[in-house]
Novice: 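Handing you this structure, nothing more for now.
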Amino acid sequence: MFRLFIVDDNKYERNTIKEVIEWTSLGIEVVGLFANGLEALSRMDDLRPHIVITDIAMPLMNGVELSVRIRQSHPNVKIIFVSSHSDFEFAKSAVELGIYGYVLKPIMPDELELAIHKLLAEFTQQHREQIEKERMLRQLEGMLPLVQEQFLKEVLLGNFRTKEDILDKIEFLALPIAEEANMSVISINSLAADRKREHRSARDAYFLSYSIKNLISKAGTASRAMYPVQISADEYAVIVFDLEPSKDEEVIDAAVQLHTAINGELDINTTMGISKSSRELTELETLYMQSQQAVNTRFYSGSNPIIRFEEIDDRSDIPVEDMPSLVEVYQDMKALMSFGNGQDVEEFIEKYLNAANVRQGENYVKGFALLCSHLSGILFMEANQSMKDIFGDNMAVWDKLNRMSTKEEVVQWIRQSFEVIKERVTDRNSSKNVKIIAAIKQMIHDNYRDQISIEEISKSVYLSGRHANGLFKKETGQTIFDYLVQFRTDKAKQLLKEEGSKVAAVAEAVGYVSTSYFILAFKKNVGMTPAEFKSKAAL
């Protein structure tokens with residue numbers, strides 16, 4: 001039953017409104033008759049009416065003021081004005097106050113009942129909408145973990161641009177995320193290592209996904225929350241919210257524990273990339289990109305299952321966002337000419353012509369090909385050679401490119417050009433390369449105890465990280481990172497052979513911020529844990 005207030009200073013009018021309509025047949029109960037607005041307002045909280053029919057002109061508090069006060073305290077109550085006045089000012093007040101109906105005195109039962117029926121129809125519709133909203137909210141509660149995961153995935157992919165939008169969703173989805181926490185992202189890739197994927201049934205795939213995400217959630221602690229996000233069938237991201245950011249090594253420890261748990265409980269080998277940290281929610285997209293770059297890197301490591309972005313960070317290799325940097329393209333081309341192979345050429349083409357954030361228009365593609373031609377000329381000049389006998393002058397190159405009708409034709413021309421250029425441009429100064437390799441090794445020998453990065457090593461020989469790493473790999477067969485890991489491992493072996501040596505102390509002595517990270521890297525390279533190696537050495 002809907003509850004009704006009738007407010008009029010005229011007792012006869014009050015009773016007329018009460019008696020002129022059979023209210024119970026409409027599902028309405030008259031719960032209060034009042035002589036003025038002040039009396040009615042005093043009973044709003046305890047009688048809780050749905051509908052108020054009120055006269056306008058009354059002593060103590062008129063109908064207009066009563067409506068204003070009801071709107072402030074009980075905005076869902078429907079109000080109908082009754083008055084002997086039909087002038088514009090009263091009608092204007094009714095509209096401005098959101099009054100549902102306006103009935104003139106003397107009361108005509110049909111007119112009042114018509115207004116009531118329209119009101120009840122709206123109540124019924126609102127009631128249905130409310131029931132549907134509550135049903136959807138109950139469904140949402142049942143799906144809350146999936147909705148939360150989808151939201152976090154959208155944050156990682158950059159679909160939320162402002163901090164306010166993110167915080168609103170966090171509050172709505174009841175995510176216990178502390179805004180002041182230190183954040184980082186761990187990317188997990190199981191595709192390369194899991195050979196059983198082709199034979200996995202749909203049921204097994206869902207169970208595996210659930211198991212991995214469950215292990216991630218369980219890896220959290222009271223001071224560090226870990227939220228799993230499945231990116232694809234074999235790729236996961238972990239958003240880490242750390243309330244004790246001074247203990248940076250704990251993120252590495254968590255990654256090591258997670259790697260061990262997934263391998264031990266699910267028999268799946270994974271590679272992991274760890275981003276830098278930040279306190280800004282809007283930087284989660286950047287952190288995710290860093291973790292992706294770390295987990296997918298091919299230049300700096302093949303020996304460790306867990307890579308930190310700090311270890312491979314080289315600001316000279318930041319991906320293009322709009323038009324490519326002339327310096328960056330030049331460095332990449334010089335690296336390709338010095339030590340690149342077919343796969344490196346394809347990665348170069350993917351980076352500058354096929355990536356999602358690169359323009360795909362005809363002018364851009366052909367313009368970039370011409371840029372490569374110009375830079376090839378510079379590389380030839382550095383090698384005291386001429387390229388005109390190969391490609392002709394710049395006008396000839398541009399004319400040839402303009403005759404190409406598809407992007408694939410341009411890409412194929414770039415591939416062929418690299419093959420020709422690589423045959424003509426070689427790094428003749430082998431003695432210089434030997435000195436560079438020696439300098440890089442010496443830099444590692446002198447600083448392996450510290451948190452040294454590829455960028456710092458390459459800067460010491462005045463090269464970009466990509467160029468230094470490629471040159472090092474060409475001459476030694478190892479990446480700089482692999483050499484650093486191997487050198488630290490050899491030093492660790494020497495220290496572990498000493499009587500009384502401790503694994504934690506050895507880890508710190510050879511440059512590892514985390515003992516568990518050291519144990520994982522050592523086992524990966526030696527085939528046994530440091531403790532096992534020490535016992536074997538003692539025997």
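Fair warning: this is a prediction, and the values are worked out from it, not measured in the lab. Every heavy atom of this structure was used, including side-chain atoms; hydrogens, water molecules and symmetry mates were not.
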Novice: Please evaluate residues T271 and N189 with respect to the criterion side-chain hydrogen bond (donor to acceptor under 3.5 Å, both in side chains), reporting the C-alpha separation (whole Å), side-chain torsions for both, the decisive distance (0.1 Å), and the verdict.
Specialist: CA-CA 5 Å; T271 54; N189 193 327; 5.0 Å; no
Novice: Could you tell me which residues satisfy side chain to side chain contact (heavy atoms under 4.5 Å, CB included) with T221, sequence neighbours excluded, listed by chain and number?
Specialist: S223, R224
Novice: With K163, which residues qualify under salt bridge (Lys or Arg N to Asp or Glu O under 4.0 Å), at least two apart?
Specialist: E179
Novice: How close do A369 and V410 get, counting heavy atoms only, and between which atoms?
Specialist: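 Heavy atoms only, the tightest pair is CB-CG1, 3.6 Å.
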Novice: Tabulate below the donor-acceptor pairs under 3.5 Å that side-chain atoms of residues 11-21 make, not counting sequence neighbours, or state none.
Specialist:
unit_1 : atom_1 : unit_2 : atom_2 : d
R14    : NH1    : D8     : O      : 2.6
N15    : ND2    : K11    : O      : 3.4
T16    : OG1    : Y12    : O      : 2.8

Novice: I188 versus V295: any side-chain heavy-atom pair under 4.5 Å?
Specialist: no
Novice: Tell me the closest heavy-atom pair linking G63 and S67, and the distance in Å.
Specialist: O-OG, 2.8 Å
Novice: My understanding is that only residues two or more places apart in sequence, or in another chain, count here; which of them pass salt bridge (Lys or Arg N to Asp or Glu O under 4.0 Å) with E346?
Specialist: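 E346 satisfies salt bridge (Lys or Arg N to Asp or Glu O under 4.0 Å) with R415 once adjacent residues are dropped.
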Novice: Using ring-ring contact (aromatic ring centres under 6.0 Å, His included) as the criterion, list what pairs up with F368, not counting sequence neighbours.
Specialist: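 Here the qualifying residues are F348, Y352.
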Novice: What do you reckon, is CD of E171 surrounded by more than 12 foreign heavy atoms closer than 6.0 Å?
Specialist: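 No.
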Novice: Could you tell me if the side chain of I268 sits less than 4.5 Å from the side chain of L208, heavy atoms only?
Specialist: yes
Novice: Could you tell me whether a side-chain N or O of Q148 sits under 3.5 Å from a main-chain N or O of L173, the two making a donor and an acceptor?
Specialist: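 Yes, the answer is positive, given that a donor and an acceptor are paired below the 3.5 Å cut-off.
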Novice: State which residues pass side chain to side chain contact (heavy atoms under 4.5 Å, CB included) with T286; sequence neighbours excluded, sorted by chain then number.
Specialist: Q290
Novice: Could you list the residues that satisfy salt bridge (Lys or Arg N to Asp or Glu O under 4.0 Å) with K213, not counting sequence neighbours?
Specialist: E149
Novice: Under a 3.5 Å distance rule, please check whether Q230 uses its side chain to pair with a backbone N or O of S232 as donor and acceptor.
Specialist: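 Side chain of Q230 to backbone of S232: a pair is present.
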Novice: Looking at L47, is its backbone amide N or carbonyl O close enough to the side chain of R43 to form a donor-acceptor pair, meaning the two atoms are under 3.5 Å apart?
Specialist: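 Absent.
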Novice: To the nearest 0.5 Å, what is the distance between OG1 on T162 and CG on D168?
Specialist: 8.0 Å
Novice: Going through the distances and angles, do I306 and Y517 end up as a side chain to side chain contact (heavy atoms under 4.5 Å, CB included)?
Specialist: CA-CA 8 Å; I306 300 176; Y517 188 34; 4.0 Å; yes
Novice: When you measure from the side chain of E65 to the backbone N and O of M61, does any donor-acceptor pair fall under 3.5 Å?
Specialist: no
Novice: Under 4.5 Å between any side-chain heavy atoms of I186 and S291, yes or no?
Specialist: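 Of all side-chain heavy-atom pairs linking S291 with I186, none is under 4.5 Å.
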Novice: Might you work through the side-chain hydrogen bond (donor to acceptor under 3.5 Å, both in side chains) test for T260 and N263, ending with a clear yes or no?
Specialist: CA-CA 5 Å; T260 304; N263 180 267; over 6 Å; no
Novice: Which pairs, with at least one residue in residues 48-60 and sequence neighbours excluded, count as a salt bridge (charged side-chain N to carboxylate O under 4.0 Å, His left out)?
Specialist: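 The answer is D55-K105.
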Novice: For a quick check under 3.5 Å, do E310 and S453 share a side-chain donor-acceptor pair by atom type?
Specialist: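 Side-chain D/A pair, E310 to S453: absent.
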Novice: Count the heavy atoms belonging to other residues, nucleotides or ligands that lie under 6.0 Å from CZ of R3, then report whether that count exceeds 12.
Specialist: yes
Novice: Taking 4.0 angstrom as the limit, do K351 and E328 come out as a salt bridge?
Specialist: yes
Novice: Could you tell me the separation between the OG1 atom of T54 and the CD1 atom of I79, rounded to the nearest 0.5 Å?
Specialist: 8.0 Å
Novice: Can you list the steps and then say if T24 with E22 is a side-chain hydrogen bond (donor to acceptor under 3.5 Å, both in side chains)?
Specialist: CA-CA 6 Å; T24 55; E22 184 62 41; 2.9 Å; yes
Novice: Taking only residues two or more places apart in sequence, or in another chain, which ones meet E29 in a salt bridge (Lys or Arg N to Asp or Glu O under 4.0 Å)?
Specialist: none
Novice: Can you check whether M108 reaches D110 side chain to side chain, under 4.5 Å on heavy atoms?
Specialist: no
Novice: In chain order, what residues pass the ring-ring contact (aromatic ring centres under 6.0 Å, His included) check against F522, with sequence neighbours excluded?
Specialist: F518, F533
Novice: Could you list the residues that satisfy ring-ring contact (aromatic ring centres under 6.0 Å, His included) with H259, not counting sequence neighbours?
Specialist: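 Here no residue qualifies.
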Novice: About how many Å separate OH of Y512 and CD of Q451, when rounded to the nearest 0.5 Å?
Specialist: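 Q451 atom CD to Y512 atom OH measures 10.0 Å (nearest 0.5 Å).
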Novice: Working to the nearest 0.5 angstrom, can you tell me the gap between N36 CG and L66 CG?
Specialist: 9.0 Å
Novice: Can you check side-chain hydrogen bond (donor to acceptor under 3.5 Å, both in side chains) on H74 and D45, steps first, answer last?
Specialist: CA-CA 9 Å; H74 301 79; D45 289 332; 3.0 Å; yes
Novice: Verify the distance criterion only: is there a donor paired with an acceptor across the side chains of S277 and S184 at less than 3.5 Å?
Specialist: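 No, S184 and S277 have no side-chain donor paired with an acceptor closer than 3.5 Å.
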Novice: Quick one: pull up CD1 in I166 and CG in L281 and give me the separation to the nearest 0.5 Å.
Specialist: 5.5 Å
Novice: Looking at residues at least two apart in the chain, or sitting in another chain, which of them share a side chain to side chain donor-acceptor pair (under 3.5 Å) with E283?
Specialist: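 E283: side chain to side chain donor-acceptor pair (under 3.5 Å) contacts with S278.
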Novice: So which heavy atom on L33 is nearest to which on V30, and how close?
Specialist: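 For L33 and V30, the tightest heavy-atom pair comes out as CD2-CG1, 4.0 Å.
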Novice: Roughly how far, to the nearest 0.5 Å, is OG of S514 from CG of L520?
Specialist: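 Result: 9.5 Å between the selected atoms.
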